[in-house]
Amino acid sequence: APSDESAATSLAWCHVKSQPVLCVGFRHGGVSLFTQEGEVIVSFLLATSPVLRIRTCPGERRGPMTQEEESFTKASERLMFLHDHGLLILVALDSLSD
């Protein structure tokens, strides 16, 4: 049935700009982020296979930094999406906050 494609296959809570956000992965491969009140923040399609797991993981700093930059720069956390067939996709939470 067509409605089976929109079934949620994974859920995870994360924080974007200190606000709790519910991440929902779907069988068709899409992802939606919701506020606590249930409003959609953003929806996107990463791959056309089911999202099996969603996790947050610490970000990495890229390139050389001065000592001063290191003390003021916090690496962005990332969302990790594991899709069917072993596809792993990382999305920086900073890229979702705009």
Side-chain angles (χ1 to χ4, degrees):
S3 63
D4 289 345
E5 287 298 308
S6 61
T9 54
S10 58
L11 301 169
W13 284 97
C14 65
H15 285 83
V16 176
K17 289 190 173 181
S18 302
Q19 298 298 316
V21 172
L22 178 62
C23 303
V24 180
F26 295 96
R27 182 172 289 138
H28 58 68
V31 175
S32 293
L33 277 62
F34 296 89
T35 65
Q36 283 181 208
E37 293 78 24
E39 295 177 32
V40 176
I41 299 169
V42 65
S43 292
F44 49 92
L45 180 68
L46 296 169
T48 57
S49 60
V51 180
L52 302 178
R53 299 234 193 275
I54 302 171
R55 298 285 186 265
T56 56
C57 58
E60 294 180 4
R61 294 188 175 113
R62 296 186 182 244
M65 284 200 247
T66 66
Q67 191 173 17
E68 184 177 319
E69 287 173 323
E70 283 188 31
S71 65
F72 291 106
T73 304
K74 181 183 174 193
S76 171
E77 278 198 323
R78 296 176 291 179
L79 285 174
M80 182 170 43
F81 300 97
L82 176 63
H83 285 257
D84 200 12
H85 308 295
L87 179 61
L88 183 67
I89 299 172
L90 298 173
V91 176
L93 287 174
D94 283 353
S95 68
L96 302 174
S97 63
D98 296 334

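Being a predicted model, the structure only gives us computed values, none of them experimental.
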Q: Mind running side chain to side chain contact (heavy atoms under 4.5 Å, CB included) on I54 and L11 for me, showing each step along the way?
A: CA-CA 7 Å; I54 302 171; L11 301 169; over 6 Å; no
Can you get from [X] to [Y] by hopping between Ile, Leu, Val, Met, Phe, Trp and Tyr side chains that sit under 4.5 Å apart?
{"X": "V21", "Y": "F44", "answer": "yes"}
{"X": "V91", "Y": "V42", "answer": "yes"}
{"X": "M80", "Y": "V51", "answer": "no"}

Q: Measure the CG-SG distance between L79 and C14 for me, rounded to the nearest 0.5 Å.
A: 4.5 Å
Q. Got a second to check how far F81's CZ is from C23's SG, nearest 0.5 Å?
A. 5.5 Å
Q) Is there any side chain to side chain donor-acceptor pair (under 3.5 Å) pair reaching into residues 39-52, and which pairs are they, with sequence neighbours excluded? A)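 Matches after skipping sequence neighbours: S32-S43.
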Q | Residues which pass ring-ring contact (aromatic ring centres under 6.0 Å, His included) with H28, listed by chain and number, not counting sequence neighbours | A | F26
Q | Under the side-chain hydrogen bond (donor to acceptor under 3.5 Å, both in side chains) test, residues paired with T56 that sit two or more places apart | A | none
Q.
What I'd like to find out is whether the side chain of L52 reaches to under 4.5 Å of the side chain of D84, using heavy atoms alone.
A. yes
Q: Report the hydrophobic cluster partners of L45, with the cluster defined as I, L, V, M, F, W, Y residues connected by side-chain heavy atoms closer than 4.5 angstrom, directly or transitively.
A: none
Q: List for me each residue that meets side-chain contact (heavy atoms from CB on, under 4.5 Å) alongside L82, sequence neighbours excluded, and say none if there are none.
A: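 With neighbours one apart ignored, the set is R53, L88.
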Q.
Suppose we screen for side-chain contact (heavy atoms from CB on, under 4.5 Å). Which residues come up paired with L87, at least two apart in sequence or across chains?
A. A47, H83, I89
